[in-house]
Amino acid sequence: MNFKIYNTLSNKKEPFVPLNPKCIKMYVCGPTVYNYAHIGNARPAVVFDVLYRVLTNIYPEVIYVRNITDVDDKINEAAKKLNEPISFITNKYTDIYHQDMKNLCVLSPDHEPRVTDNIKQIISMIQKILDNKNAYINKDHVLFDVTSFKEYGKLSNRDKDEMLSGARVEVADYKKYPGDFVLWKPSSENEPGWDSPWGYGRPGWHIECSSMAETYLGEEIDIHGGGQDLIFPHHENEIAQSCSAHNNNNYVKYWVHNGYLNMEGEKMSKSLGNIVTIKELLDKYDGEVIRLALLSTHYRKPINFGESLLEQSQNILNKLYKNLNNEKHNDDLVSDDVINPLLDDLNTPLSISNLLKIKCSKTLLNSANLLGLLNRTADEWFSLNNKSTMLENDIELLIQERDNARKSKDFIRADEIRDQLDKNNVILEDVDGKTIWRAKK
RNA sequence: GGCUGAGUGGCAGAGUGGUUAUGCUGCGGUCUGCAAAACCGUUUACGCCGGUUCAAUUCCGACCUCAGCCUCCA
């Protein structure tokens with residue numbers, strides 16, 4: 001198999017050569033659990049789920065780690081606002097996130113570590129960075145010394161000095177160099193905190209990923225993924241931390257980043273009031289529809305999310321589920337036209353369009369599963385969903401009445417019944433002298 | 001200002017140095033009591049300007065426009 005993936009480190013599409021072909025190691029930055037996840041958070045989850053499925057298809061073993069960030073100042077704020085313990089907030093939104101992921105047909109990662117379960121390891125990593133003279137202590141903070149790390153900026157193509165000229169944030173007075181970032185910071189009594197060699201406190205933002213990747217995957221990993229906005233500073237800082245702690249410059253071989261999601265052409269933001277949560281969308285659309293919509297644009301391109309994209313995705317899924325009723329051959333393979341585009345830097349749009357060309361239902365099912373689609377039977381898909389208020393029995397009775405009307409050429413009455421059912425989201429089809437119905441999707 | 005991308009037909013979205021993407025929508029047709037579904041047909045595509053070439057949407061160069069990042073946002 002010849003798998004190619006775009007590497008942010010080189011800004012090029014590269015052939016994927018694993019560190020160890022027997023076991024692929026992949027880490028993806030997971031959610032900070034302080035609120036409902038929005039549709040933008042769903043994109044990396046779905047994209048890297050496809051990557052996981054593709055890798056699993058090629059290699060005998062893939063270890064996929066996606067963390068839960070449950071230590072963060074945003075969580076503290078949310079807890080304060082609601083007057084609830086922090087663990088209440090983090091548990092609640094972790095559960096909701098899991099539910100969302102399940103609905104989007106995202107497979108569970110092999111490990112889903114939480115920061116609060118990894119404080120010991122984080123502390124020992126910070127200690128190593130200090131021992132290696134890549135960090136310093138000042139005013140109860142442990143700070144990473146950016147000037148001590150020569151390769152700083154290699155992922156985001158930034159020059160240490162030029163970066164500062166554009167800086168628009170006030171520099172904290174405990175920093176030696178403005179680009180230095182926090183590894184450990186002090187906590188007040190009502191903030192979450194742990195005892196450490198540097199006093200009671202909590203980890204900074206970037207260290208948890210470095211630490212958990214090391215704990216669950218080892219010092220060197222094949223793939224590290226996340227949203228494009230994480231390239232700087234988060235991933236740049238991860239590199240600095242891990243390489244400093246390990247005395248080894250080979251932390252991650254392939255950095256993979258997905259593009260942004262816009263809502264109807266506009267950036268999602270609180271000020272525009274156009275943030276849409278996964279949960280809200282799931283009330284209106286099936287999870288598979290949302291999943292297909294997210295995969296209908298190449299993962300590195302910005303995606304323009306909205307009603308029309310979802311409608312289009314709905315139509316495509318209807319078509320695919322319909323094709324699931326085509327004749328079955330003994331062909332039990334995954335279509336080359338579906339897998340090959342995926343092997344070429346996850347070209348999901350091309351892969352999906354080729355899905356529509358598959359004639360054999362068995363091949364279609366196998367191929368679609370690679371994308372995490374067609375997880376149900378056609379009957380389940382087209383069966384009445386809770387959008388309709390009608391009972392199956394009533395529908396059957398009306399159909400019978402319509403058939404009688406048609407036989408006696410009372411087409412006015414027949415059409416009335418059709419309209420009535422249509423208003424209740426039921427579509428009638430007269431096929432081979434029989435009348436079948438299905439829910440409007 | 002620096003860095004990274006992107007500009008394709010009504011819309012979404014692939015791809016390619018010369019021959020159909022695909023889907024949705026619109027229009028026309030076959031079918032139907034009417035529909036639906038299915039099938040068939042169909043409408044001006046490749047930001048602008050140069051260059052290379054027998055040939056460029058595709059390669060090269062400049063330009064224009066847009067987006068993201070430049071310290072806690074996926």
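Just the heavy atoms: all of them, side chains too, but no hydrogens, waters or symmetry mates, feed the values below. Residue numbers begin at 1 in each chain, while the letters A, B, ... track the order of the sequences.
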(message) Of the listed nucleotides (B/A21, B/C69, B/C24), which one gets closest to any side-chain atom of A/Leu350?
(response) B/A21

(message) Measure NE2/A/His224 against C1'/B/A74 and give the value in whole Å, please.
(response) 12 Å

(message) Check whether A/Tyr52 reaches the backbone of A/Val106 with its side chain - one donor and one acceptor, N or O, closer than 3.5 Å.
(response) no

(request) Round to a whole Å and report the spacing from CZ of A/Arg402 to P of B/A36. (result) 12 Å

(request) Please list all pairs passing the ring-ring contact (aromatic ring centres under 6.0 Å, His included) test where one or both residues lie in residues 275-326 of chain A, with sequence neighbours left out. (result) A/Tyr321-A/Trp381

(message) Parallel, tilted or perpendicular, judged at 30° and 60°: which one describes the rings of A/His206 and A/His234?
(response) tilted

(message) Here's a test of your reading of the structure: between A/Cys29 and A/Lys301, which maps to the more 5' nucleotide of RNA chain B?
(response) A/Lys301

Between side-chain atoms of residues 29-37 of chain A and protein atoms elsewhere (two or more places apart, or another chain), which donor-acceptor pairs fall under 3.5 Å?
none

(request) Under 3.5 Å for both distances, Watson-Crick or G-U wobble, that's the pair rule; now give the dot-bracket for RNA chain B, with | marking pairs to another strand and [ ] for crossing ones. (result) (((((((..(((.....[...))).(((((.......)))))....(.(((..]....))).))))))))....

(message) If we check side-chain hydrogen bond (donor to acceptor under 3.5 Å, both in side chains) with A/Arg202, which of these qualifies: A/Thr116, A/Asp73, A/Asp72?
(response) A/Asp73

(message) Nearest whole Å is fine: how far is B/U25 P from A/Glu311 CD?
(response) 10 Å

(message) Pick the closest RNA chain B nucleotide for A/Asn262 and for A/Leu428 by heavy atoms, then say which residue is nearer the 5' end.
(response) A/Leu428

(request) Would you list the pairs meeting ring-ring contact (aromatic ring centres under 6.0 Å, His included) in which at least one residue belongs to residues 354-377 of chain A, sequence neighbours left out? (result) none

(message) Ring-plane angle category for A/Trp255 and A/His235, please: parallel below 30°, perpendicular beyond 60°, tilted otherwise.
(response) tilted

(request) Would you check if the distance from the ring center of A/Tyr254 to the ring center of A/His224 is below 6.0 Å? (result) no

(request) Provide, to the nearest angstrom, the distance between the CG atom belonging to A/Asp337 and the P atom belonging to B/U22. (result) 13 Å

(message) What residues from residues 94-104 of chain A pass a heavy-atom cutoff of under 4.0 Å to RNA chain B?
(response) none

(request) Not counting sequence neighbours, which residues clear ring pair (Phe, Tyr, Trp, His ring centres under 6.0 Å) with A/Phe48? List them please. (result) none

(request) With P as the reference atom in both, quote the distance from B/U19 to B/A67 in angstrom, rounded to an integer. (result) 34 Å

(message) Between P on B/C73 and CG on A/Asp229, what's the gap in Å once rounded to a whole number?
(response) 9 Å

(request) Calculate the interatomic distance between A/Leu183 atom CG and B/C72 atom C1'; express it in whole Å. (result) 14 Å

